[in-house]
Protein chains: 2
Amino acid sequence: MSAQRADARRNYERILAVAMEEVAAHGADASLEQIARTAGVGSATVRRHFPGRRALLEAVFRERIATLCARAGELAEVADARAALLEWLGAFTAYAASARGMAAALAQEGLLDPEDGGDNACSAQLIQACGPLLRRAQRAGAVAPGVAVSDLLTLITGIALATERHPDAAAEAERLLGLVVAGVSPSVVTARG
Amino acid sequence: MSAQRADARRNYERILAVAMEEVAAHGADASLEQIARTAGVGSATVRRHFPGRRALLEAVFRERIATLCARAGELAEVADARAALLEWLGAFTAYAASARGMAAALAQEGLLDPEDGGDNACSAQLIQACGPLLRRAQRAGAVAPGVAVSDLLTLITGIALATERHPDAAAEAERLLGLVVAGVSPSVVTARG
DNA sequence: GTAATATATGGAGGGCCCCGCCACTTATGC
DNA sequence: GCATAAGTGGCGGGGCCCTCCATATATTAC
């Protein structure tokens, strides 16, 4: 028999659809009970399909993240390594800043320690997607060797978190990304002895 | 008569002391009821002295922020404008990354819009303290003119938020600050057309 | 010292949320 | 159709935040 019953699958889809709207409206700490109510199911059913808020958030953002990873694949073909990386970082920033709750979800994940091993997590996919772009840019001399993928993702996640309340969050986030790329005060190479 | 009764003042102090420990232990979303319980007062008393979690967090971090602002005053005397700014940014980063909840409190405040007018807020004090350092560095040509004080504070707040779960949060945050100061890829001045 | 008064307090109650349990329903394979 | 296992949802427990109000207490005036 199929691994999952048909009605269960239907409920899963419905809950996920409602969750997307609810998270978009109320951020990462949307009420699970409210989601259950709107979806017309019991709260236990939500918990069954998504054990814990993290699982739900992961599912909510999975598609968007997949799109982002695909974009990274395309950009690997672009000639200018630096431009490709910056383009992707910009796209990621735009997503993270506009999709409410995504940054929070990423921050609470194991985004920070890249060798976590949990390769099914969203952050792991992002790391895997961004890695080649970064390494190529580093080989081209556009980025210092000491910079890790997780550094970039952490910075952007932080920007998204800190600008979440801004009226025009996406624009502000992209502006700050530009600042980070260019450097606040890059004049001296070895900053702070 | 005095503006406040003596026992009220005592309770205020006690609640604040407990709140400091509790916030240090559980971050910005520590339980207000737990604080009340530990302090041996009713939860209503906590709410009376600190209407809303924000007010409590502000009080918790007030001293630390004052110290930070004082440090900015000292650094205004340092000859090297760039070094002075970077030193202060480093100090702020260390504080924000080590004091659990502080970054969250700042992010939820009106940190992002500098012309809010609420000059009693913590973020306003920080902006006022950092402003002279930044302007001096900009006059010295060490920082681009378009950079605002709130940009720097927002970036650092974001770094602190994104590194909160890191095993060695303070070190990681300072490392990322270094990256932001130096720039991820500063080679071309006008990033992304 | 005592009475009068404004001030401060904390416990009860309501609302919301997360979580786990268990009897009931329902799709599925024979 | 029927047996069965998968799926469901309501219920109760625990916690938190918030408000209200009767009570207790520091303070002031006499």
Side-chain angles (χ1 to χ4, degrees), chain A residues 1-61 100-101 104-105 107-109 164-165, chain B residues 1-61 100-101 104-105 107-109 164-165:
Chain A
M1 98 171 69
S2 61
Q4 201 176 19
R5 245 167 62 173
D7 57 340
R9 178 118 213 112
R10 249 195 310 277
N11 272 340
Y12 178 94
E13 304 287 1
R14 174 141 52 161
I15 292 170
L16 184 54
V18 172
M20 283 177 178
E21 296 176 10
E22 211 65 21
V23 168
H26 300 96
D29 44 2
S31 163
L32 301 185
E33 293 224 335
Q34 179 60 36
I35 292 173
R37 241 174 278 131
T38 306
V41 301
S43 66
T45 300
V46 173
R47 297 194 47 67
R48 183 176 318 282
H49 284 292
F50 306 97
R53 155 171 279 112
R54 277 262 295 284
L56 198 156
L57 289 176
E58 218 167 278
V60 164
F61 296 120
R100 292 201 55 182
Q108 287 176 356
E109 257 187 34
E164 202 169 36
R165 309 247 167 190
Chain B
M1 94 173 71
S2 60
Q4 201 176 17
R5 246 165 62 171
D7 56 340
R9 178 118 213 111
R10 248 195 311 276
N11 273 339
Y12 178 95
E13 304 287 1
R14 173 142 51 161
I15 291 170
L16 185 54
V18 172
M20 284 177 177
E21 295 176 10
E22 211 65 21
V23 168
H26 300 96
D29 44 2
S31 163
L32 301 186
E33 293 223 337
Q34 179 59 37
I35 292 174
R37 241 173 278 132
T38 306
V41 300
S43 66
T45 301
V46 172
R47 298 197 48 68
R48 183 177 318 281
H49 285 292
F50 306 97
R53 156 172 278 109
R54 278 262 295 284
L56 198 156
L57 289 176
E58 218 166 278
V60 163
F61 295 120
R100 291 201 56 181
Q108 287 176 357
E109 257 186 34
E164 202 169 36
R165 309 247 168 188

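No experiment lies behind these values; they were computed from the predicted model shown. So that the names make sense, note that chain A is the first sequence line, chain B the second, and so on, each numbered from 1. All values below come from the heavy atoms of this structure, side chains included, with hydrogens, waters and symmetry mates left out.
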I need the minimum non-hydrogen distance between [X] and [Y], along with the two atoms involved.
X: A:Q34; Y: A:S31; answer: N-OG, 3.0 Å
X: A:R54; Y: A:Q108; answer: NH1-O, 3.5 Å
X: A:A30; Y: A:E22; answer: CB-O, 3.9 Å

Which whole-number value in Å describes the distance from [X] [atom1] to [N] [atom2]?
X: B:R5; N: D:dT28; atom1: CZ; atom2: C1'; answer: 12 Å
X: B:R9; N: C:dT9; atom1: CZ; atom2: P; answer: 12 Å
X: B:Y12; N: C:dT7; atom1: OH; atom2: C1'; answer: 18 Å
X: A:R48; N: D:dA5; atom1: CZ; atom2: C1'; answer: 13 Å
X: A:D7; N: C:dA27; atom1: CG; atom2: P; answer: 6 Å
X: B:Q4; N: C:dA6; atom1: CD; atom2: P; answer: 18 Å
X: B:F50; N: D:dT19; atom1: CZ; atom2: P; answer: 17 Å
X: B:R10; N: D:dT25; atom1: CZ; atom2: C1'; answer: 11 Å

Practice problem: Please determine, for the side chain of B:A6, which listed nucleotide (D:dA26, D:dG7, D:dT8) has the closest atom? | Solution: D:dA26

Quiz item: Taking protein heavy atoms under 4.0 Å as touching, what does nucleotides 13-19 of chain C look like 5' to 3' if B marks base contact, S marks sugar-phosphate-only contact and - marks none?
Solution: ----SBS

Quiz item: Side-chain contact, heavy-atom cut-off 4.5 Å: B:H49 with B:R14?
Solution: no

Exercise. Looking at every strand, decide which applies to A:A44 at a 4.0 Å heavy-atom threshold: base, sugar-phosphate, or nothing.
Key: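 Base contact - A:A44 has a heavy atom under 4.0 Å of at least one base atom.
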
So how far is it from [X] [atom1] to [Y] [atom2], rounded to the nearest 0.5 Å?
X: A:I35; Y: A:M20; atom1: CD1; atom2: CE; result: 11.0 Å
X: B:R53; Y: B:L32; atom1: CZ; atom2: CG; result: 4.5 Å
X: A:R5; Y: A:R10; atom1: CZ; atom2: CZ; result: 10.0 Å

Quiz item: OP1 or OP2 of D:dT8 less than 4.0 angstrom from a side-chain nitrogen or oxygen of A:H49, does that happen here?
Solution: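 Yes, because at least one side-chain N or O of A:H49 sits under 4.0 Å from OP1 or OP2 of D:dT8.
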
Exercise. Verify the contact: side-chain N or O of A:N11 to OP1 or OP2 of D:dT8, cut-off strictly under 4.0 Å; return yes or no.
Key: yes

